[in-house]
Amino acid sequence: MGHSADAVRITDDVYWVGAIDRDLRDFHGYSTERGTTYNAFLIRADNITLVDTVRAPFFDEMMARIASVVDPSRIDFIVSNHSELDHTGCLPRTVACVRPEKIFASANGLKALAAHFHTDLGATAVADGETVSLGNRTLAFYETRMLHWPDSMFCHLPEEELLFSQDGFGMHLASDERFADEIDPAVLHEETAKYYANILLPFSPMVKMALEKTAGLRIGAILPDHGPLWRKNPERVIEWYGAWAAQKPAAKALIVYDTMWYSTEAMAGAVADGLRAEGVEAVLCRASACHRSNIATEYLECGALVVGTPTLNACMFPALADVLSYLKGLKRKNLTGAVFGSYGWNGEGVAQAKEALAAMKIPLVAEPVSVQYVPDEPALERCRALGHEVARKLKESL
Ligand code: FEO
């Protein structure tokens, strides 16, 4: 695979033993242009403990990394913080190989593991706040239900001040570097935001609860199950999460549109001009040219959603129906909305986009601007006015 299969030391007794998936470009519908990692961790305490495993095809890579530190048969405990298959795909095989004394998961984790593998792995349920002695170390478990599955939990190693946060604080990034402080801060922010937007945004109230639950813990480093490890200044990513969970509007409007003969695109440009004239940033995304998971990243840190659609066969343009269906599921709060579009004869597309925003509970600042065929200068002026109106409403909400 062109890389070392050695473990990476985090502290004297804690090692990264995960796997790097450089080829991944689609993670259940989320575009992963930079690949990902599946992180697993080995705690070399009196009771040697493996925290999470990796996706099934990466079993050998994980086992080679474990073997670079200890004989895998010496593992006493396995912790499953989250049942999704990117972390449990090789759990049954690992259990068969290692024969651990105990497997720990949340009560919901036991149910989820049974529903995935239809075999009794012999796991033990741990309760919120419960601790397990590893001899010279302690592992404390914290339920983080719906962050982002019912089974999800964090665990904390107080003696080393390490928080194992499964998907929380993670990102899809197959870097050669294992630590966040070795990576371009702009990439870190973009990929962490993309992960939050696509995976955690609908569960923002639970993110707030998890941040409150972990606020009293000593956290020297955060070790998520994807991407680089936050060994320096973990407060920074905790602050990002606090801001995203609050979903406060930002002085940025996201204009998602599509176009057939460039009429709706010309209208989108005029709406953007109106927004910018008011000092509000306008980000234009053509739905069929941008992956929905990248549009979601822009959606996380904005204050308005403006939708522009042509009408195709009496319907909203299909690429917009796709994106709006996806964004609806993310349950973003505190947004201002507007709709515009060009049509040939009846203009049902704009009406359907208006209904979609109502279903997303995003209030419109004005009635949609709808133009037959090609917008003339007065029509473009109406679009600029719509941009001004969105900007004014957005600024009132800041
Ligand atoms: Fe990385 Fe929800 O699994």
Side-chain angles (χ1 to χ4, degrees), residues 16-41 50-59 61-62 78-92 94 103-106 108-117 123 141-155 163-175 178 180 188 191-207 209-210 222-230 237 241 244-245 293 296-297 300 326 329-331:
W16 175 84
V17 292
I20 303 174
D21 188 347
R22 295 172 202 278
D23 300 339
L24 188 79
R25 290 295 176 269
D26 180 288
F27 186 92
H28 63 43
Y30 174 139
S31 71
T32 50
E33 291 91 348
R34 294 182 168 110
T36 196
T37 66
Y38 313 108
N39 298 336
F41 303 96
L50 177 65
V51 179
D52 291 324
T53 67
V54 298
R55 198 170 184 156
F58 295 87
F59 173 77
E61 191 175 330
M62 177 189 75
I78 297 179
V79 174
S80 174
N81 278 328
H82 176 27
S83 303
E84 197 164 3
L85 286 164
D86 47 331
H87 310 297
T88 59
C90 71
L91 181 63
T94 308
I103 302 165
F104 299 110
S106 66
N108 282 329
L110 261 56
K111 289 183 207 161
L113 291 172
H116 277 83
F117 301 116
F141 300 96
Y142 296 95
E143 190 176 79
T144 56
R145 196 177 292 200
M146 294 320 296
L147 199 63
H148 67 121
W149 275 20
D151 51 77
S152 301
M153 65 176 187
F154 288 179
C155 55
L163 182 70
F164 300 89
S165 59
Q166 39 96 20
D167 284 338
F169 309 107
M171 74 189 82
H172 288 310
L173 175 59
S175 55
R178 287 282 62 75
L188 282 185
E191 292 297 345
T192 310
K194 182 171 179 177
Y195 198 90
Y196 189 98
N198 286 280
I199 304 291
L200 299 172
L201 179 53
F203 308 110
S204 288
M206 293 75 172
V207 172
M209 284 164 57
I222 298 176
L223 310 180
D225 274 356
H226 295 289
L229 314 177
W230 304 93
V237 70
Y241 265 48
W244 293 329
S293 55
T297 312
L300 174 65
Y326 189 70
L330 302 183
K331 298 195 172 82

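Hydrogens, waters and symmetry mates are skipped; everything else that's a heavy atom, side chains included, is used. In each ligand, atom 1 is the first atom listed, and ligand 1 is the first ligand listed.
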Taking all atoms of both residues into account, what is the closest heavy-atom pair of Ala210 and Thr144, and its distance?
->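 Smallest heavy-atom distance, with atoms named: CB-CG2, 4.2 Å.
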
Quick one: sort the Phe27 and His172 rings into parallel, tilted or perpendicular, breaks at 30° and 60°.
->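 Geometry flag for His172 against Phe27: tilted rings.
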
Could you tell me how the ring of Phe154 sits relative to the ring of Phe169: parallel (under 30°), tilted (30 to 60°) or perpendicular (over 60°)?
->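 Taking Phe169 first and then Phe154, their aromatic rings sit tilted (interplane angle of 30° to 60°).
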
Picking from Gln166, His148, His116, what satisfies side chain to side chain donor-acceptor pair (under 3.5 Å) with Glu84?
->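 The passing option is His148.
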
Backbone or side-chain N/O/S of Asp225 under 2.8 Å of atom 1 (Fe) of ligand 1 |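 Of the N, O and S atoms in Asp225, none lies under 2.8 Å from atom 1 (Fe) of ligand 1, which means no.
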
Give a yes or no on whether Glu84 keeps an N, O or S atom under 2.8 Å from atom 1 (Fe) of ligand 1.
->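 No.
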
Have a look at atom 2 (Fe) of ligand 1 and estimate, to 10 degrees, the angle subtended by NE2 (His82) and NE2 (His148).
->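 With atom 2 (Fe) of ligand 1 as the vertex, the angle is close to 90°.
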
N, O or S of His87 under 2.8 Å from atom 2 (Fe) of ligand 1 |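 No - counting backbone and side chain alike, His87 has no N, O or S atom under 2.8 Å.
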
Could you grab the angle centred on atom 1 (Fe) of ligand 1, going from OD1 in Asp167 to OD2 in Asp86, to 10°?
->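 Result: 170°, to 10°.
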
Should Ser152 and Asp167 count as side-chain neighbours, where that means a heavy-atom distance under 4.5 Å?
->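 Ser152 does not reach Asp167 side chain to side chain.
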
